[in-house]
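Below: one structure, written as structure tokens.
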Amino acid sequence: MDWYDGHARGLPWRVGPADRRAGVRPDPYRVWLSEVMLQQTTVAAVREKFRRFTEIWPDVRSLAAAEDAQVMAEWAGLGYYARARNLLQCARVVANDLGGRFPETREGLLALPGIGPYTAAAIAAIAFDRPETVVDGNVERVVARLFDVDTPLPKAKPELTRLAGLLTPQARPGDHAQAMMDLGATICTPRSPACGICPLMASCAARATGRAADLPRKAEKKPKPVRLGIAYVARRSDGALLLETRPERGLLGGMLGWPGSDWGESPEAAPPVAAEWTVLGGDVRHTFTHFHLRLAVEVASVDLDCRPERGTFVPARDFRPSSLPTVMRKVWAIAGPALTHL
DNA sequence: GATGCGTGGCT
DNA sequence: TAGCCAAGCAT
């Protein structure tokens with residue numbers, strides 16, 4: 001805690017240790033929003049998104065009243081899009097059923113969409129100063145090293161959670177949780193931990209055996225297969241672009257994208273509208289969580305009165321590449337310039 | 001317990 | 001260049 005008082009990271013959603021000890025309470029809405037954004041996502045990627053979201057939707061009621069499409073568009077680029085759908089669901093439950101206030105207990109929070117064991121404990125501890133044990137990837141790493149736990153993840157998770165629980169104090173549990181995560185993020189880092197300046201150096205078992213950098217062990221990962229596909233970018237003579245909203249569930253669910261083939265070993269061509277399609281030279285490469293994708297891109301100019309089988313024409317002035325998921329933005333990056341020469 | 005689900009930065 | 005990794009959740 002002494003180390004945290006002197007070395008806490010300054011983060012837009014955080015009430016720092018000095019203010020916290022002076023009695024300043026964090027806004028549960030901002031704690032919740034930041035924690036959901038930070039699920040499997042780096043602080044650097046979250047900063048700007050958090051700023052935008054809180055600027056547009058300063059509280060849970062305004063977010064609950066938002067249009068789904070605008071929230072998805074603002075989330076674009078952050079990944080794991082089910083988070084955005086659950087975020088909206090959760091905001092609406094809190095605003096409509098809970099009087100605009102978040103539950104203050106781990107159990108109450110756990111019942112909300114998009115809030116699992118980590119996030120429930122984090123909000124309870126950070127926003128409401130409940131003595132909950134917060135175990136994220138940082139804490140897993142710190143604890144595995146501190147106690148020299150050799151069992152690979154995820155099998156070691158229950159044991160690491162138990163050990164982390166031994167460290168959870170009754171005083172300042174919220175700051176303690178954030179201290180553990182800051183330590184993992186800045187000192188006890190995955191590749192080359194800075195053991196020489198670590199406040200826990202003297203009591204760290206892995207430091208003693210020189211194995212800190214090798215922990216925690218992790219189960220082997222499965223190789224990622226390569227999938228192929230085709231994306232179709234049609235521009236109408238008035239400049240409008242043919243886009244479609246993807247199905248709610250599954251990959252990139254609810255996000256805007258270019259119509260295309262399915263993605264697999266040998267995708268079948270399926271143009272969304274009859275036209276003279278031009279196959280572009282380079283392809284788009286993108287890696288998802290569980291596969292590599294190579295996307296061929298085809299472009300076409302179409303008439304004002306054409307009737308596509310799929311998708312909706314979006315007027316040029318309403319089209320913002322930033323509202324597309326990254327793979328679709330990559331498609332636009334090569335299709336856009338090609339269309340100007342068509 | 002295993003699988004599906006993004007992305008960008010770093011090594 | 002390719003793999004690793006990040007404040008995980010839902011099914």
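Letters A, B, ... mirror the listed sequences (proteins, then strands); counts begin at 1.
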Grab the NZ-C1' distance between A:Lys221 and C:dA2 for me, whole Å please.
13 Å

Is it true that A:Asp150 and A:Arg217 make a salt bridge, defined as a side-chain N closer than 4.0 Å to a carboxylate O?
yes

Once you apply a heavy-atom cut-off of 4.0 Å, does A:Arg141 come out as touching a base, just sugar-phosphate, or nothing?
sugar-phosphate

According to the interplanar angle, ranging from 0 to 90°, do the rings of A:His7 and A:Trp3 count as parallel (below 30°), tilted (30 to 60°) or perpendicular (above 60°)?
parallel

Rounded to the nearest 0.5 Å, what's the gap from CH2 on A:Trp57 to CG on A:Asp59? Could you check?
12.0 Å

Rounded to whole Å, CD of A:Gln89 lies from C1' of C:dC9 at a distance of 13 Å

Please tell me which of A:His292 and A:Gly114 maps to the more 5' nucleotide of DNA chain C, matching each residue to the nucleotide holding its nearest heavy atom.
A:His292

Rounded to whole angstroms, how far apart are CD on A:Gln39 and P on C:dC5?
20 Å

Just call it for A:Trp13: base, sugar-phosphate, or nothing, with non-hydrogen atoms closer than 4.0 Å on any strand.
base

Proximal nucleotide (of C:dC9, B:dG4, B:dG6) relative to the A:Leu251 side chain:
B:dG6

From NE2 of A:His286 over to C1' of C:dA2, roughly how many Å is that when rounded to an integer?
15 Å

Return yes if a side-chain donor-acceptor contact under 3.5 Å exists between A:Tyr118 and A:Gln39, otherwise no.
no

Under 4.0 Å between any heavy atoms, over every strand shown, what does A:Ser34 touch: base, sugar-phosphate, or nothing? Just pick one.
nothing

Using a heavy-atom cut-off of under 4.0 Å over every strand shown, decide if A:Gly184 touches base, sugar-phosphate, or nothing.
nothing

For A:Leu11, report the nucleic acid contact type (base, sugar-phosphate, nothing); a contact means any heavy atom under 4.0 Å.
base

Using the P atom on both, measure C:dC5 against B:dC5 and round to a whole Å.
22 Å

Pick base, sugar-phosphate or nothing for A:Pro154, based on heavy-atom distances below 4.0 Å to the nucleic acid.
nothing

Options C:dC9, B:dG6, B:dG8, nucleotide nearest the side-chain atoms of A:Thr326
B:dG8

The answer to which of A:Arg249 and A:Gln40 contacts DNA chain C further toward the 5' end, by nearest nucleotide, is A:Gln40

Is A:Arg329 close enough to B:dG8 that one of its side-chain N or O atoms is under 4.0 Å from OP1 or OP2 there?
yes

Base, sugar-phosphate, or nothing: which does A:Leu252 touch, judged by heavy atoms less than 4.0 Å apart?
sugar-phosphate

Atom pair distance, as rounded to whole Å: CG in A:Leu153 and P in B:dA2:
13 Å

Result for 5'-nearest mapping on DNA chain B, choosing between A:Thr42 and A:Phe291, is A:Phe291

How are the rings of A:Phe102 and A:Trp32 set to each other: parallel, tilted or perpendicular (split at 30° and 60°)?
tilted

Spacing of A:Tyr80 atom OH relative to C:dC5 atom C1', expressed in whole Å:
11 Å

From B:dT7, C:dC9, C:dC5, nucleotide with atom closest to A:Thr119 side chain:
C:dC9

Close aromatic pair by centroid cut-off 6.0 Å: A:Tyr80 and A:Trp75:
no

Of the nucleotides C:dG8, B:dT7, C:dC5, which one has an atom closest to the side chain of A:Val327?
B:dT7

Go through the N and O atoms of the side chain of A:Thr41 and the base of C:dG8, and report whether any donor-acceptor pair is under 3.5 Å.
no

Rounded to whole Å, how long is the line connecting atom NZ of A:Lys224 with atom C1' of B:dT3?
14 Å

Mind checking A:Lys330 for me? I need base, sugar-phosphate or nothing, with any heavy atom below 4.0 Å counting as a touch.
nothing

Does the pair A:Arg285/A:Asp283 count as a salt bridge with the N-to-O cut at 4.0 Å?
yes

Given the P atoms of C:dT11 and B:dG6, what is the spacing between them in whole Å?
14 Å

Roughly how many Å is it from CZ in A:Arg83 to C1' in C:dA6, rounded to a whole number?
10 Å

